[in-house]
Chemist: 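Supplied in structure tokens, the structure appears directly below.
Remember, it's a predicted structure, so these values are computed and weren't measured experimentally. Sequential numbering from 1 along the given sequence is applied to the chain's residues.
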Amino acid sequence: MASFGQSHNKAMHKIRRYFIAGLLITLPVFITIYFLFISFRFIDGVCGGVINYFLKKELGFSLPGIGIILGILTVLIVGFLATRFLGKRVFPAIEKWFLKFPFIRQIYPPAKQIVNFLLSKEKPAFKKVVLVEYPSKGIWSVGFITSESFKEAKEKIGKELLHIFIASTPSPFTGYFILIPKDAVKFLDISVEDGIKLIVSGGILTPGLKKDV
């Protein structure tokens with residue numbers, strides 16, 4: 001019986017290892033495919049809904065994916081015009097007019113700043129990975145330095161402050177923004193990419209640690 005129990009435990013352990021190994025490979029693939037599928041349907045529905053409605057009504061058929069094609073073409077045309085002399089003068093005027101609508105000025109500027117910050121090639125969105133004692137003493141959180149403190153805050157506190165973004169799991173782009181004195185921040189010797197992996201994985205992917213499955 002003891003021998004049977006040991007064999008059974010070894011078999012279950014191997015099955016568990018195989019299952020986890022399979023999840024590590026297939027789950028990211030399925031999540032990526034699902035995200036692309038949802039994005040495809042959303043963009044196709046928004047951009048191609050009117051055209052497909054017309055095609056279905058008048059010609060009796062629709063074209064799946066026409067919204068994606070129109071969306072890409074629209075982005076390319078807007079990008080082309082925005083980089084030209086005329087676009088650099090017209091788009092700011094359109095943006096100024098757009099911001100006059102109710103609720104738009106509360107949503108559009110922050111969204112634009114985030115997109116520009118994330119897609120900018122001039123500087124990374126996050127500069128360094130740090131440890132800060134947050135939300136209470138004795139509890140440490142992983143954060144990202146985004147900038148140095150603005151002048152008024154530094155003058156009010158009388159210390160050099162850092163802008164720290166405390167990301168939440170699993171999305172590294174949602175969380176809390178705090179200002180911390182520089183001498184209370186512990187700098188980590190890991191890359192921003194490793195810090196993001198640490199947040200997304202909920203601490204499973206530890207920088208510098210190779211874990212066998």
Side-chain angles (χ1 to χ4, degrees), residues 27-59 61-129 142-150 162-177 190-201 205:
L27 198 56
V29 175
F30 289 147
I31 292 174
T32 302
I33 293 174
Y34 177 76
F35 175 78
L36 291 175
F37 176 74
I38 295 298
S39 301
F40 175 88
R41 291 194 62 180
F42 175 77
I43 297 173
D44 193 40
V46 171
C47 299
V50 176
I51 293 178
N52 275 326
Y53 174 78
F54 173 80
L55 291 175
K56 189 73 174 178
K57 184 178 179 181
E58 299 297 329
L59 304 177
F61 68 91
S62 60
L63 294 175
I66 188 67
I68 295 290
I69 297 173
L70 287 176
I72 293 173
L73 287 176
T74 301
V75 171
L76 289 174
I77 292 171
V78 170
F80 173 79
L81 294 176
T83 55
R84 302 300 169 182
F85 176 74
L86 182 62
K88 291 179 180 179
R89 299 186 61 179
V90 172
F91 280 109
I94 295 175
E95 186 178 62
K96 188 176 180 180
W97 169 80
F98 186 61
L99 289 172
K100 293 180 180 180
F101 288 93
F103 304 110
I104 296 296
R105 58 178 169 267
Q106 281 78 31
I107 300 172
Y108 176 76
K112 181 182 178 182
Q113 289 178 358
I114 291 172
V115 171
N116 288 341
F117 207 49
L118 294 178
L119 297 182
S120 174
K121 294 182 179 179
E122 296 179 359
K123 59 180 181 179
F126 302 133
K127 295 182 178 180
K128 290 284 294 182
V129 186
V142 176
F144 301 93
I145 295 178
T146 58
S147 179
E148 294 183 356
S149 175
F150 53 95
L162 293 177
H163 289 188
I164 306 293
F165 180 72
I166 307 296
S168 59
T169 300
S171 171
F173 300 116
T174 59
Y176 302 93
F177 165 67
I190 62 174
S191 67
V192 171
E193 183 181 355
D194 283 340
I196 292 175
K197 288 179 181 178
L198 182 66
I199 297 295
V200 172
S201 68
L205 299 178

Chemist: Looking at residues at least two apart in the chain, or sitting in another chain, which of them share a side chain to side chain donor-acceptor pair (under 3.5 Å) with Ser191?
Modeler: Asp194
Chemist: List for me each residue that meets ring pair (Phe, Tyr, Trp, His ring centres under 6.0 Å) alongside Phe98, sequence neighbours excluded, and say none if there are none.
Modeler: Tyr108
Chemist: Quick one: pull up CD1 in Ile94 and CG in Leu99 and give me the separation to the nearest 0.5 Å.
Modeler: 12.0 Å
Chemist: Any idea which heavy atoms bring Ile199 and Thr169 closest together, and the distance?
Modeler: O-OG1, 2.9 Å
Chemist: Between Phe126 and Phe144, what is the ring plane arrangement, given parallel below 30°, perpendicular above 60°, and tilted in between?
Modeler: parallel
Chemist: Listed by chain and number, what are the side chain to side chain contact (heavy atoms under 4.5 Å, CB included) partners of Ser201, not counting sequence neighbours?
Modeler: Ile204, Leu205
Chemist: Taking side chain to side chain donor-acceptor pair (under 3.5 Å) as the test, write out the residues that go with Glu193, two or more places apart.
Modeler: none
Chemist: If we check side chain to side chain contact (heavy atoms under 4.5 Å, CB included) with Thr146, which of these qualifies: Lys127, Lys128, His163?
Modeler: His163
Chemist: Return the CZ to CD1 distance between Phe165 and Ile145, rounded to the nearest 0.5 Å.
Modeler: 14.0 Å
Chemist: What residues, two or more places apart in sequence or in another chain, satisfy side chain to side chain contact (heavy atoms under 4.5 Å, CB included) together with Leu73?
Modeler: Ile69
Chemist: Locate the shortest heavy-atom distance separating Leu198 from Val142; write the atom from each residue and the value.
Modeler: CD2-CG2, 3.9 Å
Chemist: Just to verify, which of Thr74, Val75, Leu76 counts as forming a side chain to side chain contact (heavy atoms under 4.5 Å, CB included) with Val78?
Modeler: Thr74
Chemist: Within a reach of under 6.0 Å around CZ of Phe177, are more than 12 heavy atoms found that belong to other residues, nucleotides or ligands?
Modeler: yes
Chemist: Just jot down the ring pair (Phe, Tyr, Trp, His ring centres under 6.0 Å) partners of Phe30, sequence neighbours excluded, or say none.
Modeler: none
